[in-house]
Chemist: 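Have a look at this one before I ask anything.
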Amino acid sequence: MEITYASPSSLDLLRSSSSTASGSTMPVRPVKIIPLQHPDTASYGSPGGIGNSSFSFSSNSLFSGVREKIKRMTFVDWIDMFLPCCRWIRTYRWREYFQIDLMAGTTVGIMLVPQAMSYAKLAGLDPIYGLYSGFVPIFIYAIFGSSRQLAIGPVALVSLLVSNVLSQIADSSDALYTELAILLALMVGILECIMGLLRLGWLIRFISHSVISGFTTASAIVIALSQAKYFLGYEIDRSSEIVPIMKSIIAGADQFSWPPFVMGSVILAIIQTMKFLGKSRKPLKFLRAMGPLTAVVLGTTFVKIYHPPSITLVGDIPQGIPGFSIPKSFQYAKSLIPTAFLITGVAILESVGIAKALAAKNGYELDSNQELFGLGVANIFGSFFSAYPSTGSFSRSAVNHESGAKTGLSGIITGIIMCCALLFLTPLFEYIPQCALAAIVISAVMSLVDYEEAIFLWRVDKKDFLLWTITATTTLFLGIEIGVLVGVGVSLAFVIHESANPHIAVLGRLPGTTVYRNIEQYPEAYTYNGIVIVRIDAPIYFANISYIKDRLREYEVVTDKSAKRGPEVERIYYVILELAPVTYIDSSAVQALKDLHHEYKSRDIQMAISNPNREVLLTLSKSGVVDLIGKEWYFVRVHDAVQVCLQHVQSVRESPKSSDTSGEGKPNFFQRILKQRAEDLLVSELESGNNTNKPSDSTHDDPQSEPLLSRRS
């Protein structure tokens with residue numbers, strides 16, 4: 001609550017004014033300011049003291065919330081935490097939900113069967129391992145996963161990553177290649193569980209959306225080109241770089257075969273047409289999920305009827321569900337660690353991102369770390385049943401959501417369909433054309449080419465567009481690992497640059513208010529002679545304190561172009577630092593503030609601090625900066641600081657005139673009354689903002705005559 005009193009600065013000013021400036025043009029009055037509550041350094045050890053809150057924030061506060069949450073948890077809450085499926089099982093409405101979940105699960109299952117075989121081929125594995133990866137992990141995720149609409153299984157990007165790393169260790173026809181893919185699933189699962197349990201999912205936030213978009217766009221192009229061999233009818237080099245792939249395609253052009261190209265192109269056109277109709281026409285939305293199945297059925301039917309010799313087929317696929325086995329070849333685990341981290345990053349960015357978006361649309365809460373743990377458990381169990389890494393799929397999750405899936409039961413139904421496919425349908429898969437599976441992959445990755453994002457970034461933020469371009473280019477020409485590293489490195493470099501060069505604004509007062517805003521954003525805002533108000537829009541720490549000091553020196557010398565009010569003085573006497581946006585200040589910044597204070601004192605400049613938050617004020621108090629600057633120079637509002645500083649600037653301006661005015665006669669009683677009434681009227685108009693619409697007179701137009709101080713109480 002505001003109170004009216006004479007501040008310590010005002011008292012000193014009153015004493016000096018009464019003795020030296022009896023003929024003052026503006027009488028000094030008490031100032032209405034909000035007193036700032038300073039921390040008592042002696043109470044740092046007390047339980048309720050303000051000084052103890054800094055330590056609590058850095059230690060106890062980090063764990064107090066967790067402790068309180070654990071205390072409030074009941075037995076049911078513990079069950080829900082470890083088995084998220086119990087949340088929807090307890091409230092499941094069989095009559096209302098079952099039919100919807102049945103339809104959604106069946107639709108996704110029909111879509112997953114051909115996609116799983118296609119993605120396994122992309123990973124360099126036999127198609128059966130794609131079916132395995134879409135079997136056990138789905139059931140496990142339905143139990144431990146917290147999302148009710150996320151559809152997990154093999155995806156194109158992870159399949160490309162698997163192929164990229166394993167092709168450097170073993171040939172895809174060797175048994176070692178398959179063993180390493182299964183081992184990689186175990187490693188990814190363990191890493192996801194560890195990150196989920198330690199709640200380390202926030203680490204991926206340092207990878208910007210521009211990096212992810214550029215990476216997925218380049219990866220989609222590489223994936224599509226890698227499937228060209230099934231369309232062209234001849235082998236091309238396996239690589240994650242575009243140049244070797246293009247050289248291989250050009251070099252083998254004389255081996256081009258028309259039949260697979262025509263069949264693949266027709267099937268791709270059919271899939272794309274069905275996808276377009278399913279998206280654009282609501283009554284035909286089922287066509288979107290039926291596209292891959294239609295491609296497989298048409299291709300298989302054509303091959304069974306005409307037996308074209310130039311079209312390669314999938315071949316024999318083992319029948320039956322996978323048996324339990326422990327992953328092997330642990331001696332290669334060290335070389336798989338970077339890829340395991342990369343796949344985990346993809347899982348966090350894609351799967352958790354999709355899951356949170358779907359949870360928001362369906363009105364339930366989702367913990368990203370718990371979701372990551374569920375994915376990890378699914379991959380661990382999947383590795384014991386011959387699965388390679390699985391994660392959430394964009395396309396299948398979208399179909400699941402659009403089909404109306406309500407709970408994880410839709411995932412269980414999808415798993416049942418995969419089980420039926422493994423038990424009964426694998427003999428039919430023998431005649432699926434390779435070009436049909438390639439068309440399914442190409443159709444799936446075409447939506448990942450995010451050129452619209454590049455256009456948007458070019459319009460909105462050139463820096464993010466540059467980041468997108470760098471990531472996409474390096475991924476295309478230097479490979480996936482280097483592309484990701486370069487993209488993340490440049491992204492972190494941008495973050496560090498922004499942190500080391502924070503935004504700093506000179507503030508001015510908006511006419512008719514006590515609000516102070518950036519003079520560049522609000523040109524109508526005006527400043528006061530002899531006073532500079534600076535707002536620092538970032539934490540102050542060792543990396544940016546030098547930049548902040550340099551900018552403060554510039555503001556002291558360089559005159560801003562805004563309108564100026566107040567007494568005419570020739571230089572800066574006061575620098576007011578608005579610290580409301582500053583959330584943290586470290587020891588290096590504290591020492592720099594001390595040096596800056598001494599530097600200002602040597603030039604007869606006083607520093608004032610406005611609106612520091614509790615933690616910043618505690619740090620300044622413990623380090624002695626509060627006492628060094630003076631407690632009377634700490635304020636709750638910028639306006640309070642300006643009022644006190646303006647009094648001092650007025651006294652500086654009037655002190656040289658005191659000797660000249662000492663001989664002048666004092667104004668009579670009626671002159672003093674009229675002048676005081678005019679000042680009070682102008683103050684009330686200023687605070688209400690009504691004076692802006694009235695015709696101006698000489699008193700109002702004079703920028704020096706606009707009073708800032710409040711009326712007497």
Side-chain angles (χ1 to χ4, degrees), residues 1-3 7 33-65 202 495 498-507 509 514-518 521 532-545 547-549 551-552 555 574-597 606-645:
M1 180 177 180
E2 289 190 355
I3 61 173
S7 68
I33 68 173
I34 303 173
L36 181 67
Q37 298 295 327
H38 288 276
D40 181 9
T41 54
S43 65
Y44 279 109
S46 63
I50 298 177
N52 193 44
S53 61
S54 178
F55 175 76
S56 300
F57 179 80
S58 59
S59 58
N60 294 340
S61 294
L62 295 175
F63 304 101
S64 60
W202 59 270
V495 171
E498 292 294 332
S499 178
N501 299 272
H503 180 262
I504 302 176
V506 174
L507 304 184
R509 183 181 180 184
T514 58
V515 177
Y516 293 78
R517 291 293 183 265
N518 187 350
Q521 185 178 0
V532 175
I533 311 168
V534 180
R535 187 186 68 213
I536 303 170
D537 295 329
I540 307 176
Y541 68 114
F542 66 93
N544 62 16
I545 187 60
Y547 174 81
I548 293 173
K549 288 175 65 177
R551 294 297 301 274
L552 290 175
Y555 294 143
Y574 297 94
V575 175
I576 301 173
L577 299 182
E578 159 70 311
L579 299 186
V582 178
T583 57
Y584 168 74
I585 184 169
D586 73 349
S587 58
S588 300
V590 166
Q591 187 59 46
L593 285 178
K594 291 181 180 179
D595 297 340
L596 191 62
H597 171 75
Q606 176 63 50
M607 182 190 301
I609 305 296
S610 167
N611 197 21
N613 71 25
R614 183 181 64 177
E615 304 306 327
V616 171
L617 188 59
L618 287 171
T619 302
L620 296 178
S621 180
K622 289 189 292 184
S623 61
V625 176
V626 170
D627 295 328
L628 180 66
I629 296 176
K631 290 185 177 181
E632 68 273 15
W633 293 106
Y634 285 76
F635 303 91
V636 174
R637 301 182 302 173
V638 174
H639 187 60
D640 296 345
V642 173
Q643 288 187 95
V644 173
C645 292

Chemist: Find the distance between CD (Q591) and CG (L596) and round it off to the nearest 0.5 Å.
Modeler: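 Between atom CD of Q591 and atom CG of L596 there are 11.5 Å.
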Chemist: To the nearest 0.5 Å, tell me how far K631 NZ sits from S621 OG.
Modeler: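 K631 NZ to S621 OG: 6.5 Å, rounded to 0.5 Å.
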Chemist: Is there a side-chain contact between V626 and L617, using heavy atoms and a 4.5 Å cut-off?
Modeler: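 A side-chain contact exists here, since the closest heavy-atom pair is under 4.5 Å.
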Chemist: Verify side-chain contact (heavy atoms from CB on, under 4.5 Å) between Q606 and I629, making sure each step is shown before the conclusion.
Modeler: CA-CA 8 Å; Q606 176 63 50; I629 296 176; 3.8 Å; yes
Chemist: Using 0.5 Å steps for rounding, measure from the OH atom of Y584 to the CG atom of N613.
Modeler: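 Those atoms lie 12.5 Å apart.
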Chemist: Roughly how far, to the nearest 0.5 Å, is CG of L620 from NZ of K594?
Modeler: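 Answer rounded to 0.5 Å: 10.0 Å.
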Chemist: For Y547, enumerate each residue passing the side-chain hydrogen bond (donor to acceptor under 3.5 Å, both in side chains) test, keeping only those at least two apart in sequence or located in another chain.
Modeler: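 With neighbours one apart ignored, the set is R551.
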Chemist: Could you pull out the closest heavy-atom pair between D586 and Y541, with the gap in Å?
Modeler: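 Looking at all heavy atoms of both residues, the closest pair is OD1-CA, 3.2 Å.
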Chemist: Can you name the closest pair of heavy atoms from A589 and I585 and give their distance?
Modeler: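 Taking every non-hydrogen atom into account, CB-CG1, 3.5 Å.
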Chemist: Output yes when a side-chain donor or acceptor of S588 lies under 3.5 Å from a complementary backbone atom of F542, and no otherwise.
Modeler: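 Not a single qualifying donor-acceptor pair exists.
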Chemist: Applying side chain to side chain contact (heavy atoms under 4.5 Å, CB included) between L579 and each of I576, T583, L577, report the one that passes.
Modeler: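 That would be L577; it is the only one of I576, T583, L577 passing the side chain to side chain contact (heavy atoms under 4.5 Å, CB included) with L579.
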Chemist: Between A538 and P502, what is the shortest heavy-atom contact and its length?
Modeler: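 Result for this residue pair: CB-CB, 3.4 Å.
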Chemist: Stepwise, does the side-chain contact (heavy atoms from CB on, under 4.5 Å) test hold for M607 with L552?
Modeler: CA-CA 11 Å; M607 182 190 301; L552 290 175; over 6 Å; no
Chemist: Looking only at non-hydrogen atoms, find the nearest pair between N544 and P539 and report the distance.
Modeler: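 Answer, listing the atom of N544 first, then P539: ND2-O, 2.7 Å.
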Chemist: Quick one: pull up CG in L507 and CZ in R509 and give me the separation to the nearest 0.5 Å.
Modeler: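 Nearest 0.5 Å value for the CG-CZ distance: 13.5 Å.
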Chemist: Sub-3.5 Å donor-acceptor pair from the side chain of S499 to the main-chain atoms of V495, do we have one?
Modeler: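 Pair absent, no side-chain N/O of S499 close to backbone of V495.
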Chemist: Could you report the tightest heavy-atom contact between Y555 and I504, atom names first, then the distance?
Modeler: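 Nearest pair, atom of Y555 first, then I504: OH-O, 3.3 Å.
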Chemist: Can you tell me how far the CD atom of E578 sits from the CD1 atom of I609, to the nearest 0.5 Å?
Modeler: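 CD1 of I609 is found 10.0 Å from CD of E578.
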